[in-house]
Amino acid sequence: MLPANDRIHALYEITLRTGPRKGELLSLHWEDLDLDAGTVAIRRTLPRTTAGGLTTLPTKTRASERRIALPTRCAQSLKLHHEQQQREREAADTAWQHSGQVFTTAQGGSVDPTNLSRAFTTLLRKAGLRRIRFHDLRHSTATLLLVQGVELVVIKELLGRAHIGVTATVYAHVRLRLQRDAIDLLGRALRKPAEATSQRDDGDNPPLCAVPVR
């Protein structure tokens, strides 16, 4: 699913493991990262304006502006990505665009969000997977975290949502499934004592409830 030889492999790693929005990823600057501490600051986004150009803007809400923890694997991928970008910079020579962005074109320019979506679709097709939106990776992150038992408030902060109610509503179907799993688990636990009592009734020893109380 995530080929290591893809030039933006690190971007897919971060998306699936921490769930940022597409524009938040494409507007990341190296100064936003602390790879030694394993953190990334989400401060801006990269939308396409009505005039047709890409413009870096602050995040949409205060909740969207956040600092999140980077998994060790993401930090390692970003270090490799930085080395690769340095090689691309040397190859581009004077044609290199000094944007300071983490994820760029081979000449250092901003990556168009539409082009990223196309690249993702191509990746899915080559892997033989069904077509989904790039944004669906963000939903996958939240769903997997819920299944692992992570609190909704933690998921809300990680995804940069303003209200926990939005997260709870969007993933209500997942929470319902987890409730059913929990109820089924409890049901199996409650059946075990009953089965054990039934087995004792069939043996030589009387059940505890049959012992006379004096």
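Counting begins at 1 with the first residue of the sequence.
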| said: Under the criterion side-chain contact (heavy atoms from CB on, under 4.5 Å), I'd like the reasoning laid out for F120 against N115: C-alpha separation, chi angles, the key distance, then a yes or no. | reply: CA-CA 9 Å; F120 179 61; N115 290 339; over 6 Å; no
| Would you call D34 and R67 a salt bridge, using N to O less than 4.0 angstrom? | no
| said: With a sphere of 6.0 Å drawn around CZ of R133, does it hold more than 12 non-hydrogen atoms of other residues, nucleotides or ligands? | reply: yes
| Separation between CD1 of I14 and CD1 of I8, rounded to the nearest 0.5 Å | 11.0 Å
| note | Sequence neighbours excluded, the answer for ring pair (Phe, Tyr, Trp, His ring centres under 6.0 Å) partners of H82 is W30
| message | To check you understand the geometry: which heavy-atom pair defines the closest contact between D112 and L54, and what is its length? | response | CA-CD1, 3.8 Å
| Under the 3.5 angstrom rule, does the side chain of S99 hit a backbone N or O of G109 as a donor-acceptor pair? | no
| Full working for side-chain contact (heavy atoms from CB on, under 4.5 Å) between R44 and L28 | CA-CA 7 Å; R44 56 187 81 82; L28 276 181; 5.7 Å; no
| query | Quick one: does H29's side chain have a donor or acceptor within less than 3.5 Å of a partner on S27's backbone? | reply | yes
| message | Taking CD in Q97 as the centre, count heavy atoms belonging to other residues, nucleotides or ligands within less than 6.0 Å. Is the count above 12? | response | yes
| Rounded distance (nearest 0.5 Å) linking atom NE2 of H9 with atom CG of L123 | 10.5 Å
| said: Given 3.5 Å as the limit, does a donor-acceptor pair link the side chain of T141 with the main chain of T18, or not? | reply: no
| With the 4.5 Å side-chain cut-off for hydrophobic clustering, are V154 and I164 part of the same group? | yes
| message | By the salt bridge (charged side-chain N to carboxylate O under 4.0 Å, His left out) test, which pairs, at least two apart or in different chains, include something from residues 84-93? | response | R7-E88
| remark: Tightest non-hydrogen contact, residues S77 and E13, listed as OG-CG, 3.8 Å
| message | Are L78 and L80 connected into the same hydrophobic cluster when the rule is that any two of I, L, V, M, F, W, Y join if their side-chain heavy atoms are below 4.5 Å apart? | response | no
| query | Does the side-chain contact (heavy atoms from CB on, under 4.5 Å) test come out yes or no for L116 and L11, once each step is laid out? | reply | CA-CA 10 Å; L116 175 58; L11 182 145; 4.1 Å; yes
| query | Taking the side chain as C-beta and beyond, is there a heavy-atom pair between S110 and T104 under 4.5 Å? | reply | no
| query | Are the side chain of H81 and the backbone N or O of V102 linked by a donor-acceptor pair below 3.5 Å? | reply | yes
| said: Checking side-chain polar atoms at under 3.5 Å, does S117 have a donor or acceptor matched by the opposite partner on K22? | reply: yes
| query | Do any N or O atoms from the side chain of R17 and from the backbone of C74 form a donor-acceptor pair under 3.5 angstrom? | reply | no
| field | ring pair (Phe, Tyr, Trp, His ring centres under 6.0 Å) partners of H135, counting only residues at least two apart | value | H139
| query | With distance as the sole test, does R138 use its side chain to make a donor-acceptor pair with the main-chain N or O of G19 at under 3.5 Å? | reply | yes
| note | d(L124 CG, K126 NZ) to nearest 0.5 Å is 11.5 Å
| field | L144-V153 co-clustered via ILVMFWY side chain contacts under 4.5 Å | value | no
| query | For G160, does its backbone N or O pair with a side-chain atom of R21 as donor and acceptor, under 3.5 Å? | reply | yes
| task | Report yes or no: does T122 contribute a side-chain atom to a donor-acceptor pair with the main-chain N or O of R118 at less than 3.5 Å? | result | yes
| said: If you apply the rule side-chain contact (heavy atoms from CB on, under 4.5 Å), what do you find for L146 with I155, and how did you get there? | reply: CA-CA 8 Å; L146 272 175; I155 298 175; 3.7 Å; yes
| message | Return the CG to CD1 distance between L190 and I183, rounded to the nearest 0.5 Å. | response | 11.5 Å
| field | Residues E24 and R66 bridged, charged N to O under 4.0 Å | value | yes
